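Below is one structure, written out as structure tokens; the observations come after it.
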Amino acid sequence: MQTSGPLAVIGTKVVSGTKAKLTTSTSPMLNGVSIKSFAANTNKIYVGDGDVTVGGGYELSPGQEHLFRVQDASTLWVVGTDGTVCFEGT
């Protein structure tokens with residue numbers, strides 16, 4: 001699910017063993033994109049560019065959140081064995 005408005009994008013992404021773009025929205029971000037791994041997740045989720053792999057990206061443990069200083073949320077990819085992340089970009 002995803003909603004967007006001027007300079008904002010908000011949504012959730014279900015993560016599986018296949019890497020996927022966080023969002024396809026190309027709205028420009030002024031402050032970056034905050035990504036949070038759901039606390040109910042049982043495994044780590046990895047965030048990075050199109051080359052991200054399980055064990056090869058910025059590691060988010062269950063419940064952890066990080067602000068990625070990017071201007072385009074569609075440049076971020078996520079991967080993990082399973083889980084869900086939520087994100088907000090402004």
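No experiment lies behind these values; they were computed from the predicted model shown. Along the sequence shown, residues are numbered consecutively beginning with 1.
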Rounded to the nearest 0.5 Å, what's the gap from [atom1] on [X] to [atom2] on [Y]? Could you check?
X: Thr23; Y: Lys13; atom1: OG1; atom2: NZ; value: 7.5 Å
X: Thr90; Y: Met29; atom1: OG1; atom2: CE; value: 7.5 Å
X: Lys36; Y: Glu88; atom1: NZ; atom2: CD; value: 12.0 Å
X: Phe87; Y: Ile35; atom1: CZ; atom2: CD1; value: 8.0 Å

With a 4.5 Å heavy-atom cut-off, do [X] and [Y] have their side chains touching?
X: Thr12; Y: Phe38; value: yes
X: Trp77; Y: Tyr46; value: no
X: Thr42; Y: Thr81; value: no
X: Leu60; Y: Val47; value: yes
X: Pro28; Y: Gln71; value: no
X: Val33; Y: Leu76; value: yes

If Ile, Leu, Val, Met, Phe, Trp and Tyr residues are connected whenever their side-chain heavy atoms lie under 4.5 Å apart, and connections chain through other members, are Val54 and Ile45 in the same group? no
task = Examine Val79 and Val70 and state if one hydrophobic cluster contains both, with Ile, Leu, Val, Met, Phe, Trp and Tyr joined whenever side-chain heavy atoms are less than 4.5 Å apart.
result = no
Taking every non-hydrogen atom, the tightest pair across [X] and [Y]:
X: Thr75; Y: Asp72; value: OG1-O, 2.7 Å
X: Ser25; Y: Ser74; value: O-CB, 3.4 Å
X: Pro62; Y: Ser37; value: CA-OG, 3.6 Å

Cut-off 3.5 Å, side chains only: do Ser34 and Glu65 have a donor facing an acceptor? yes
Do Asp82 and Asn41 have side-chain atoms, one donor and one acceptor, less than 3.5 Å apart? no
Sequence neighbours excluded, the answer for side chain to side chain contact (heavy atoms under 4.5 Å, CB included) partners of Val14 is Thr84
